[in-house]
A.B. asks: 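Structure incoming, see below.
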Amino acid sequence: MYVCGLVIPVAEEKREAYRVWAEKGAAFFREYGCLEIVESWEDFIPDGDQTDFRQAVAAQPGEKIVFTWQIWPDKAFFEAAEEKMHHDARMDNAGEPPFDAKRLILGCFQPLVASGRPQETNA
């Protein structure tokens, strides 16, 4: 399993536009072998003393935080899919994202512990 995660500031009034954009993106990623995609809209985010989700992405007044992750079979599979996706013309024709992409945070992770749900394999 390999996990790609993002933290994205999205204007509250663009929630539906983001949902539609994310659904299209999820179908595209699934086509390339992504096992699971979760798009989460802010419900409770406490203000931190030194840092928090809002500070991390320089969220502006009226923006909500989206926390999203993708589960891929493994790092090599993800890297191969990523290479193929960047050569797919649909990637460039996905339209403007309904948020400021310069302020999103992206990271990919090797799980240390996974519990609670059967893991899909790339069989």
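All residue numbers refer to positions in the sequence shown, counting from 1.
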A.B. asks: Quick check: are there more than 12 heavy atoms from other residues, nucleotides or ligands sitting under 6.0 Å from CD of Glu16?
C.D. replies: yes
A.B. asks: Would you name the heavy atoms of Ile65 and Pro9 that are closest together and state the gap between them?
C.D. replies: CD1-CA, 4.4 Å
A.B. asks: If only atom types and distance count, is the side chain of Gln60 paired as donor or acceptor with the main-chain N or O of Ala58 below 3.5 Å?
C.D. replies: yes
A.B. asks: Locate the shortest heavy-atom distance separating Pro46 from Phe44; write the atom from each residue and the value.
C.D. replies: CD-CE2, 3.7 Å
A.B. asks: Please state whether the rings of Phe29 and Trp72 are parallel, tilted or perpendicular, taking 30° and 60° as the class boundaries.
C.D. replies: perpendicular
A.B. asks: So if I apply the side-chain contact (heavy atoms from CB on, under 4.5 Å) rule between Ile8 and each of Val57, Thr68, Leu106, which one comes out positive?
C.D. replies: Thr68
A.B. asks: I want to check something: taking the side chain as every heavy atom from C-beta on, are Pro73 and Leu35 in contact at a cut-off of under 4.5 Å?
C.D. replies: yes
A.B. asks: To the nearest 0.5 Å, what is the distance between CD (Glu82) and NE2 (His86)?
C.D. replies: 3.5 Å
A.B. asks: Out of curiosity, Gln55 CD to Ile45 CD1, how far, rounded to the nearest 0.5 Å?
C.D. replies: 11.5 Å
A.B. asks: Can you label the angle between the Phe99 ring and the Trp21 ring as parallel, tilted or perpendicular, going by 30° and 60°?
C.D. replies: perpendicular
A.B. asks: Consider only side-chain heavy atoms of I, L, V, M, F, W and Y, link residues closer than 4.5 Å, and tell whether Val20 and Tyr18 are in one cluster.
C.D. replies: no
A.B. asks: Would you find a donor on one side and an acceptor on the other, under 3.5 Å apart, between the side chain of Gln70 and the backbone of Cys34?
C.D. replies: no
A.B. asks: Among Arg103, Arg54, Lys14, which residue satisfies the salt bridge (charged side-chain N to carboxylate O under 4.0 Å, His left out) criterion with Glu63?
C.D. replies: Arg103
A.B. asks: Do Glu36 and Met1 come close enough that some side-chain heavy atom pair is under 4.5 Å?
C.D. replies: no
A.B. asks: Below 4.0 angstrom, N of the basic side chain to O of the carboxylate: do Lys84 and Glu31 qualify?
C.D. replies: no
A.B. asks: Got a second to check how far Ile105's CD1 is from Phe67's CZ, nearest 0.5 Å?
C.D. replies: 10.5 Å
A.B. asks: Assess whether side-chain contact (heavy atoms from CB on, under 4.5 Å) is satisfied between Phe53 and Glu42, documenting all intermediate values.
C.D. replies: CA-CA 10 Å; Phe53 279 100; Glu42 172 186 336; over 6 Å; no
A.B. asks: If you define the side chain from C-beta out and look only at heavy atoms, does anything of Trp41 sit under 4.5 Å from Arg19?
C.D. replies: no
A.B. asks: Could you tell me whether the side chain of Ser40 and the main chain of Val66 form a donor-acceptor pair under 3.5 Å?
C.D. replies: no
A.B. asks: Applying the 4.5 Å side-chain criterion to the ILVMFWY set and letting contacts propagate, would Leu104 and Phe78 be lumped into a single cluster?
C.D. replies: no
A.B. asks: Any salt bridge linking Arg90 with Asp88? Criterion: basic side-chain nitrogen under 4.0 Å from a carboxylate oxygen.
C.D. replies: yes
